[in-house]
Each structure stands twice: as structure tokens, then as C-alpha cells.
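Since the structure comes first, as C-alpha cells, the remarks are kept for the end.
Within every chain, numbering begins at 1; the chains are lettered A, B, ... in the order of the sequence lines, protein sequences first and strands thereafter.
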Amino acid sequence: MKKEAIKFTIINTSSDTKARYAKMETPHGVVETPMFMPVGTLATVKFLSPEELYTIGSQVILSNTYHCWLRPGHEIIKAAGGLHKFMNYNKPMLTDSGGFQVFSLAKIRDIKEEGVYFKNHLNGDALFLSPELSIQIQNDLGADIIMSFDECVPFPATYDYVKDSVERTLRWAKRGQEAHMRDDQALFGIVQGGKYSDLREYCAKELVKMNFPGYSIGGTSVGEDKPTMYQMVEDGIRYLPIDKPRYLMGVGTVDAIFAGVERGIDMFDCVLPTRIARHGTAMTSMGRINLRNKQYEADFTALDPACDCECCLKYTKAYLRHLIKCNEGLGMRLLSIHNLRFLLHLMEEIRTSIKEDRFLELKETYYKKLDLGKEKAY
RNA sequence: GCGAUGUUGGUGAAGUGGUUAACACGGUAGAUUGUGGUUCUAUUAUGCGUCGGUUCGACUCCGAUACGUCGCC
């Protein structure tokens, strides 16, 4: 029996929802869930140093197999002593398998049983990525949590297409599990199945038979509406073991995070806060603020008075607007710090609310404050 | 003073005797969900120096005038 890389312990469970507060021990320390994981695709959370990430309360960050494979190459990172040493980040890390990138970046791709043939997005070189290679690269990168190589099916997709895809993703999960060589890395399985409840159920149940140390819900946030997405989460989560972490991939809006936690999700990641930061949008306790808007030209007040981040404590909206309008890196950096801090703080509040068994109350407060609900997104 | 030439939006500028004046930048908004640091979408001149004329119709042709640029005395 393999030694488990992570140990997940539920501390409190919400009495009226499926939300839970837990601790997860990893080779690089203990983290608390539910949590939001900043995305650092190219072995960096764009613009932020590890120290800044610690300061804003980041626990786990993501990096990416596909991107690190292309640049600088997994051999380089392995030679550096792994991702942690390479980028000087000493908290837990997670790498995505590259499955999503094949879906999102490659214009030309050919999905076969053995893997995916595609042309890379940098120079068009013909490449081949398989479950075994993805795991091997992830073994070399050395993140605490690694992901199964899956197919993220487009939305919408026909039942027959999704069915075949799910079965292939399951075979790939098995192959990945067999290729996985390190017991200090936890390999998560990914539940796919599109919007089809029975396929989600089938996928979840089959993955559970393979006994992964954690599971994620994949294939959401690809164009479906909110109710559909929540249904997808429920359809998969229902069959997952209660005592293993659940990770909802690619989700990072406030409303979806509340909806996910309410349904028993422990981990989230999303590029949204950092991407919109680079384009001048801030997530604040008053809702989204687009700093490019003229109304902030001479607004010398703090971005979010309720926030304790460097950006909000030391700079004004007028200055941030100026930086963003001029395409200055400092503006992107400060807004990235802020948006991540906003979500990390939100997760802190969520964890506390679960501990104190008032999760729904917190959710109501946020929904009212941000005017969320139904189709209103944040 | 004489000759040549030019005057189109916030900017750089296309353009044709005939419905809505190209394009780019800038401006103003919006988007962004297992990363696009430089992305995408929408919108942005009721007007082509001014005044007359020719014409069914003129930013486009003609004349005058203002201003600019170059050359000559």
C-alpha cells in the first residue's frame, strides 16, 4: 500500500449545507480548506513574488504541465530541484495535467486513444502528450498535488461524444495512476461528463473505484450557464467519498465559490482575478470596479476600504487608473495583489463561517452586498 | 510683392461629382473562469478652412478670401 502524500481531515461540517472546513497536510505544510489557489501557469503567479503570495494568505498555488514542458522544459526544472526550488516557493503546489491546455490553446489537435497529437501554441511544433508523459512531467516538476490527464470536452457536446470521451478519460486516469512514480505527490482524478448527469455519475463512480487521494470536477466554466454548472457539480460530487478533498477546477467568481462550497467543494482555482487585474478590473467588497473608467480619474480614495492589502492601504484609485491606462506593470501587480487578496480573504471568511456554523448567513451577506444571485455573476 | 502647393475627427491620415467619409492610434464603455502581461467586442466627424458659384446633386469642379509651407525678388 502506497504511503499517502496528503492527509485530509475534516474539522467542521455545516449543519444545513454540505460545506466543510478541513485541514490538508501536504509535503510542504498544512493548508486549510475551503481554499482558493492562485494560478501560476509559467512557474510564476504573474507579477507576484512568493513572499507577496505568503503575505496575502496564499496557501497552494498552481503551475502547469503543458507550459512548463514547453518552457523551460521539465528537465530543467527537475535539474533545478523541482518547481518549489526553481521558483523559490516553499508552500504546497499543484500542477494541472495539460489536458485543459490541449483543449484551450491548441488550434489543431487530434485526440486518439494513446494521447493527443497537436501543434503547440508557440511555434507550431508537432507535439504528442499522453497520460504517461503528463504524469512523468508532473513527477519531474514535483508538485504536492498533480492531476490526471483528461479531456475537457467543449460545451455543448453531444451525449455520444461525451460518453466516449468520459470512457477514454477514465482509461487515461488508470494509465496515469500506473505511471505515477512518486509517493510524495497526490494524484487526483477528474470527473468529466459534460452536462449529462448519468455520465457524471458513471465517471465519478469509476474514479472512486480507482481510489484517488482526491477528486476534481472538471469541464465546467466552459460556456454553460450557472444553474447548469451547479448541476454538474452536484452530479459529480454526490458519488465522491466524503473524506477526500474535492476540487472544482477553473472556478473563481464569488457566486460560484459560494455555490461550490455549499455543495461540498474544498478547492478552487481560477485565472480570473489575476487576468482581469491585468486588464484593469478589481474585485471589491462593493462589486467589480473597472479602473479604466473615467469616473476614477481624480478619485483619490482607496480601491476597497474593507481590504487590508498593500494596494488598498497605500494607493488611490486615481493612481491605479493612471498606471492601468499607461499599461504599467505596477498597476497590474497591485491589482493582482488586491484581487487575489480579495478572494483569499473571502475564503478565510468562509472557513470561519463554517467553523462557527453560519455559512449560509455569510453567503446571504455577500449575495446582498454584491447583488448576486440567479444569473447575476461577479 | 510674385509663383507653387496645402488646409478632412482628439491625433496621423485615406477618399469619391451621387445613399451611412476608409484605416490606424487615442477616447468612452463592455468582456474575461484547470492564464492572452500587449487579448476580444461595441462605440467614437449630421461633417471635409471660410464665403460664393457651376450642377438634379459638391468634401470632390470653378472663383474669391483666411491661414500654413516652400521657392523667387
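The side chain of A:Arg292 places no N or O atom within less than 4.0 Å of a non-bridging phosphate oxygen (OP1 or OP2) of B:G30. Remark: A:Asn290 is not in phosphate contact with B:A29, judged by side-chain N or O atoms under 4.0 Å from OP1 or OP2. One finds a side-chain N or O of A:Asn293 lying less than 4.0 angstrom from the OP1 or OP2 phosphate oxygen of B:G30. Contact check, A:Arg275 against B:U39: no side-chain N or O comes under 4.0 Å of OP1 or OP2. Regarding contacts with the backbone of B:G34, every side-chain N or O of A:His67 stays at 4.0 angstrom or more from both OP1 and OP2. Between A:Arg321 and B:U28 there is a side-chain N or O to OP1 or OP2 distance below 4.0 Å. For A:Lys325 and B:U28, the shortest distance from a side-chain N or O to OP1 or OP2 is below 4.0 Å.
Checked by distance alone, A:Thr220 brings no side-chain donor or acceptor within 3.5 Å of a matching partner on the base of B:U33. No hydrogens or angles were tested; on distance alone, a donor-acceptor pair under 3.5 Å links the side chain of A:Gln192 to the base of B:G34. Applying the 3.5 Å distance criterion, the base of B:G37 shares no donor-acceptor pair with the side chain of A:Asn327.
We find that the ring of A:His279 and the base of B:U32 do not stack by the test of centres under 5.5 angstrom and planes tilted less than 30°.
Residues A:Asp255 and A:Thr253 have side chains that bring a donor and an acceptor to within less than 3.5 angstrom of each other.
Syn is the conformation of B:G36, whose glycosidic angle sits no further than 90° from 0.
Taking the ring centre of A:Tyr367 as origin, the terminal cationic atom of A:Lys363 falls inside the region bounded by 6.0 Å and 45° from the ring axis.
Residue contacts shown for A:Leu105 are limited to sugar-phosphate atoms, with no base heavy atom under 4.0 Å away.
Taking the six-membered ring for Trp and the full ring otherwise, A:Tyr247 and A:Tyr215 have centroids separated by 6.0 Å or more.
Evaluated for a side chain to side chain contact (heavy atoms under 4.5 Å, CB included) with A:Phe149, the options A:Ile137, A:Thr65, A:Asp96, A:Val116 yield exactly one hit, A:Val116.
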